[in-house]
Visitor: 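Could you have a look at this structure, given as structure tokens, before my questions?
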Amino acid sequence: MSQEYDESPRHARFAAAALVSPLLLAPLVTVAAMLWARYESILIHPANAARNPPTVSRAISDHSIGDPFAQWMLAVCALQAFAVWRIAQALYATAIVPARRGARAGLMTLFVAALACQASAIVGLLVLSHYDSTNYSEIHEWGSYLLFYGNGVSIAFSGWLVWLADRRRDPRTPRIAPVPYDYYLQTRLALVVAVIGVVFGILFYATVPLERWDDYGFRVTFAMTELVLLVACVIYLASFVVPMYRYERYLLSRRL
């Protein structure tokens with residue numbers, strides 16, 4: 001298999017690179033848009049920023065920032081949906097199908113749950129980027145819940161699925177393609193995202209006592225933790241680039 005993979009035609013390599021490009025483009029556009037939104041908010045409202053460092057949600061409540069941000073997020077959602085669809089197909093073929101018969105039900109449950117949560121995260125990103133927190137506070141908050149819970153839970157389930165896949169694989173079933181994940185990388189990144197998510201949840205639900213203790217310090221910490229969590233989630237998506245490239249390249253080579 002390795003020899004056939006190494007000798008794949010050049011156009012198969014280019015096609016594989018094109019198929020996995022959304023795994024890089026979606027995170028890059030997301031991070032660039034978030035950093036730009038916060039930077040523009042600080043430039044436009046320096047007094048407010050000095051008193052209350054802007055989160056992404058507050059930054060995009062200014063329509064001069066929020067409107068272009070919403071357009072960027074349309075592109076991100078399309079790229080992310082395509083990337084998740086390709087990863088899902090690859091995981092099903094390499095993690096669910098080769099699993100031992102008794103383990104397939106549990107793996108399939110994790111698989112469906114991770115997909116459902118990721119779908120809710122994409123919907124949440126669309127909602128919160130198109131309905132600002134000033135004029136549509138309830139809708140924006142609902143979108144935030146969908147995004148953060150959807151991303152956090154889907155990544156946790158994805159890491160759990162990858163962890164179980166290696167342990168539940170039927171040794172009598174030969175691998176038909178390179179696995180589309182890196183076992184050590186994805187399982188550890190999923191744990192990191194989970195820890196950051198727990199910290200963010202504590203800050204979110206313990207706002208009042210923490211503000212009383214140190215108002216400005218809390219606001220800075222909250223804004224930075226939100227940004228770190230969002231960046232960690234998109235880094236997890238980008239971490240599939242290399243194994244997915246190998247997977248796509250192998251499949252294209254076989255077809256050719």
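Both backbone and side-chain heavy atoms feed into the values below; hydrogens, waters and symmetry mates do not.
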Visitor: Rounded to the nearest 0.5 Å, what separation is found between the CG atom of L128 and the OG atom of S144?
Guide: 5.0 Å
Visitor: State, with a plain yes or no, whether a side-chain heavy atom of W163 is found less than 4.5 Å away from one of Q186.
Guide: no
Visitor: Check for a donor-acceptor pair, side chain of E248 on one end and backbone N or O of A15 on the other, with a separation under 3.5 Å.
Guide: no
Visitor: With sequence neighbours excluded, tell me which residues meet ring pair (Phe, Tyr, Trp, His ring centres under 6.0 Å) with F14.
Guide: none
Visitor: Between atom CG of D62 and atom CZ of F69, what is the distance when rounded to the nearest 0.5 Å?
Guide: 13.0 Å
Visitor: Check whether V56 and V228 end up in the same hydrophobic cluster, where Ile, Leu, Val, Met, Phe, Trp and Tyr are linked by side-chain heavy atoms less than 4.5 Å apart.
Guide: yes
Visitor: Are Y39 and W36 close enough that their ring centres sit under 6.0 Å apart?
Guide: no
Visitor: Would you kindly confirm whether L23 and L28 end up in one hydrophobic cluster when ILVMFWY residues are joined by side chain heavy atoms under 4.5 Å apart?
Guide: no
Visitor: Roughly how far, to the nearest 0.5 Å, is the CD1 atom of I60 from the NE2 atom of H130?
Guide: 10.0 Å
Visitor: Measure across V193 and A232 and return the closest heavy-atom pair with its distance rounded to 0.1 Å.
Guide: CG2-O, 3.8 Å
Visitor: I'd like to know if the side chain of S239 and the backbone of Y236 have a donor-acceptor N/O pair within less than 3.5 Å.
Guide: yes
Visitor: Going by side-chain heavy atoms closer than 4.5 Å, which hydrophobic residues are tied to V127, directly or by a chain of links?
Guide: V123, Y131, Y136, I139, W142, L146
Visitor: Could you see if L189 belongs to whatever hydrophobic cluster contains V195? Use Ile, Leu, Val, Met, Phe, Trp, Tyr and a side-chain cutoff under 4.5 Å.
Guide: no
Visitor: Test of understanding: clusters of I, L, V, M, F, W, Y form through side-chain heavy atoms closer than 4.5 Å, transitively. Do L230 and W72 belong to the same one?
Guide: yes
Visitor: State, yes or no, whether a side-chain contact exists between D182 and V242 at a heavy-atom distance under 4.5 Å.
Guide: no
Visitor: Evaluate the side-chain proximity of D67 to Q71: yes if any heavy-atom separation is below 4.5 Å, no if none is.
Guide: no
Visitor: Check whether any side-chain heavy atom of V179 sits under 4.5 Å from a side-chain heavy atom of L91, and report yes or no.
Guide: no
Visitor: If you look at every heavy atom in C117 and V153, which pair is closest and at what distance?
Guide: SG-CG1, 3.6 Å
Visitor: Would you check if the side chain of R104 reaches a backbone N or O of V97 as a donor-acceptor pair within less than 3.5 Å?
Guide: yes
Visitor: Is the backbone of S41 close enough, under 3.5 Å, to the side chain of H45 for a donor and an acceptor to pair up by distance?
Guide: no
Visitor: Which atoms form the tightest heavy-atom contact between G159 and A190, and what is the distance?
Guide: CA-CB, 3.7 Å
Visitor: Taking atom OH of Y92 as the centre, report whether more than 12 heavy atoms of other residues, nucleotides or ligands fall under 6.0 Å from it.
Guide: no
Visitor: Looking at A18 and P22, what are the two nearest heavy atoms and their distance?
Guide: O-CD, 3.5 Å
Visitor: List the steps, then state whether side-chain contact (heavy atoms from CB on, under 4.5 Å) holds for F157 with L161.
Guide: CA-CA 6 Å; F157 283 160; L161 175 63; over 6 Å; no
Visitor: Relative to each other, are the rings of Y149 and Y145 parallel, tilted or perpendicular (30° and 60° limits)?
Guide: parallel
Visitor: Return the minimal non-hydrogen interatomic distance between H140 and S57, and the atom names on each side.
Guide: NE2-OG, 3.0 Å
Visitor: Is there a chain of hydrophobic side chains (I, L, V, M, F, W, Y, each step under 4.5 Å between heavy atoms) that links V31 to L25?
Guide: no
Visitor: Less than 4.5 Å apart, side chain to side chain, heavy atoms only: is that true for L229 and E226?
Guide: no
Visitor: Are any of the side-chain heavy atoms of P180 and I87 separated by less than 4.5 Å?
Guide: no
Visitor: If you look at every heavy atom in L24 and A238, which pair is closest and at what distance?
Guide: CD2-CB, 4.4 Å
Visitor: Could you tell me whether F200 and F148 have their ring centroids closer than 6.0 angstrom?
Guide: yes
Visitor: How far does CE of M244 sit from CG of L237, to the nearest 0.5 angstrom?
Guide: 10.0 Å
Visitor: In Å, rounded to the nearest 0.5 Å, how long is the span from OG1 of T225 to CD1 of I202?
Guide: 10.5 Å
Visitor: Starting from the C-alpha separation in whole Å, work towards a yes-or-no answer on side-chain contact (heavy atoms from CB on, under 4.5 Å) for C77 and F82.
Guide: CA-CA 9 Å; C77 288; F82 177 80; over 6 Å; no
Visitor: Please assess V231 against M34 for the test side-chain contact (heavy atoms from CB on, under 4.5 Å), listing each intermediate value before the final yes or no.
Guide: CA-CA 9 Å; V231 171; M34 292 189 301; 4.0 Å; yes
Visitor: Roughly how far apart are E40 CD and S64 OG, rounded to 0.5 Å?
Guide: 7.5 Å
Visitor: Indicate yes or no: at least one non-hydrogen side-chain atom of L19 is less than 4.5 angstrom from one of R249.
Guide: no
Visitor: Might you work through the side-chain contact (heavy atoms from CB on, under 4.5 Å) test for Y247 and Y181, ending with a clear yes or no?
Guide: CA-CA 9 Å; Y247 177 82; Y181 56 83; over 6 Å; no
